[in-house]
Amino acid sequence: MSIRLDPLQTLDLDSTLCCGQAFRWDKHGEWWYGIVKGKAFKIRQRSNRLEFENVEIGFLKAYLGLDDNLQEVYSQIRKDRHVEQAVERFRGLRILRQDPWECLISYICATYKNIASIKGMLLNLSRKFGDKVTFDGLGFYTFPTAEKLARASASEISDCSLGYRAKYVHETAVTVHEGKLELEYLVKVSYEKAKAELLNLPGVGLKVADCVSLFSLGKFEAFPVDVWVKRALMRHYNLHFPREFIRRISDKRSLTNSEYGRLNVFGREYFGGYAGYAQEYLYHYERMQR
DNA sequence: TAGTTGCCTTCGAG
DNA sequence: ACTCGAAGGCAAC
């Protein structure tokens, strides 16, 4: 199956799937293989054609955010030469609409880890607690349900090399399984409300709450600040902050909540309602400079 | 060869 | 309100 992308549906599939927003995609030859909400499928892009197998077009379009109006996004976030360059370089990179549960656990695991390790942890978790699905002669594993992880012990989860994150994953799984927090409901509420709810979960701080809000709840105003975005802001936006503040955060490797809040508010006020898109371009651009 | 740094940070003590 | 240090483990340097 394939569709032709019209000019308004600019897409850079490679950047979208490898930029580090989702962790369970792998490229074999020209095809990207992944499993989303229990469905294993493959996709490839050849200029303005998007080819896919084993997935409904509606599901795929929703997942890839193909109906997001990137022209509008770009016109809103293009505030200076630096984002302009990032946008030019990765034009067509889209924010995925990930499954909230998988996204939540992924980013709880992501703290203080690099992308390769995060992929490893999530693969271990899926192999151990998910169900195997075969497609195209390849094996995939569904992402473990909240119930499955809630019933597991923290030490079984720890065996997936999660370290101290194991107990956060377990406790969050229990909370969600017991119905204390309805993740799908967060799609409907405001960014502030969703973020506040997420912050009640163990292992979820400001950064993780912003990532989940942006990558799975459709809150495009969320502006996650990780070490790379922090570097980008210090390098290219330092004039927007007091010199003393920049000096202070450049010395330390981690941010306090109030320092995080300051960078986060700047991003949202400066870039506007699509600050999350700006964040992802800045993030990817910064990383690709090595 | 062995040691250090860094990683899409959070939590709890003081 | 703040600072500080600990918390897997692995790859890159």
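Note that the coordinates shown come from a computational prediction; the quantities given were computed from them, not determined experimentally.
- We find that CD1 of Ile108(A) is positioned 10 Å from P of dT10(B), with the value rounded to whole Å.
- In this structure, Tyr260(A) reaches neither bases nor backbone, as no heavy-atom distance under 4.0 Å exists between it and the strands shown.
- Listed candidates were dT10(B), dC7(B), dC8(B). Nearest to the side chain of Arg231(A) is dC7(B).
- Between dC7(B), dT3(C), dG9(C), one nucleotide has an atom nearer to the side chain of Ser161(A) than all others, and that is dG9(C).
- A salt bridge links Lys180(A) with Glu178(A): at least one charged nitrogen is closer than 4.0 Å to a carboxylate oxygen.
- A salt bridge between Glu51(A) and Arg44(A) is present, with a side-chain N of the basic residue lying under 4.0 Å from a carboxylate O of the acidic one.
- Rounded to whole Å, atom C1' of dT9(B) lies 14 Å from atom CG of Leu263(A).
- Salt bridge annotation for Asp68(A)-Arg97(A): present, with a cationic side-chain nitrogen under 4.0 angstrom from a carboxylate oxygen.
- Within the nucleic acid shown, Leu282(A) has no heavy atom closer than 4.0 Å to any nucleic acid atom.
- Within the nucleic acid shown, Gly203(A) comes within 4.0 Å of sugar-phosphate atoms alone, with no base atom in reach, counting heavy atoms only.
- When both distances must be under 3.5 Å, the Watson-Crick or G-U wobble mate of dG8(C) does not exist.
- Of the P atoms belonging to dT5(B) and dA6(C), the separation is 14 Å, rounded to the nearest Å.
- Across all strands shown, Glu280(A) has heavy atoms under 4.0 Å from base atoms, whether or not it also approaches the sugar-phosphate.
- Within 4.0 Å (heavy atoms only), Val208(A) reaches sugar-phosphate atoms of the nucleic acid but no base atom.
- The NZ atom of Lys42(A) lies 15.5 Å from the CD1 atom of Ile35(A); values are rounded to the nearest 0.5 Å.
- Nucleic acid contact class of Cys19(A) (heavy atoms, under 4.0 Å, all strands): base.
- In this structure, the aromatic ring of Tyr164(A) is not positioned over the six-membered ring of the base of dA6(C) within 5.5 Å between centres and 30° between planes.
- Regarding Leu255(A), its CG atom lies at a distance of 11 Å from the P atom of dT3(C), rounded to whole Å.
- For the pair Asn114(A) and Thr256(A), nearest-nucleotide mapping onto DNA chain C gives the more 5' position to Thr256(A).
- Each of Val204(A) and Tyr283(A) has a nearest nucleotide on DNA chain B; the 5'-most of these lies closest to Tyr283(A).
- Under the 4.0 Å criterion applied to side-chain N and carboxylate O atoms, Arg81(A) and Glu88(A) are assigned as salt-bridge partners.
- Among the nucleotides dG9(C), dT3(C), dC8(B), the one closest to any side-chain atom of Ser117(A) is dG9(C).
- Among dT10(B), dC8(B), dC2(C), the nucleotide with an atom closest to any side-chain atom of Ser258(A) is dC2(C).
- Going from atom NZ of Lys119(A) over to atom C1' of dC10(C) covers 16 Å, rounded to whole Å.
- The line from NE2 of His177(A) to CH2 of Trp101(A) is 10.5 Å long, rounded to the nearest 0.5 Å.
- Here the separation of dG9(C) from dT1(B), taken at their P atoms, is 24 Å to the nearest Å.
- Looking at heavy atoms from C-beta onward, Trp32(A) lies out of side-chain contact with Asp26(A) at the 4.5 angstrom threshold.
- In this entry the base of dG6(B) is anti relative to its sugar, with a glycosidic angle more than 90° from 0.
- As a whole-Å value, the separation of Trp228(A) CH2 from dC8(B) C1' is 10 Å.
- Closest to the side chain of Lys252(A), from the set dC11(B), dT10(B), dT3(C), is dT3(C).
- A distance of about 15 Å separates the C1' atoms of dA2(B) and dC10(C), rounded to the whole Å.
- Atom C1' of nucleotide dG6(B) and atom NZ of Lys230(A) are separated by 12 Å, given to the nearest angstrom.
- Under 3.5 Å, the side chain of Arg253(A) and the base of dG6(B) form no donor-acceptor pair of N or O atoms.
- When the P atom of dC8(B) is taken as reference, atom CG of Leu206(A) falls 19 Å away, rounded to whole Å.
- Residue Tyr112(A) contributes atom OH, which lies 15 Å from atom P of dC10(C) at whole-angstrom precision.
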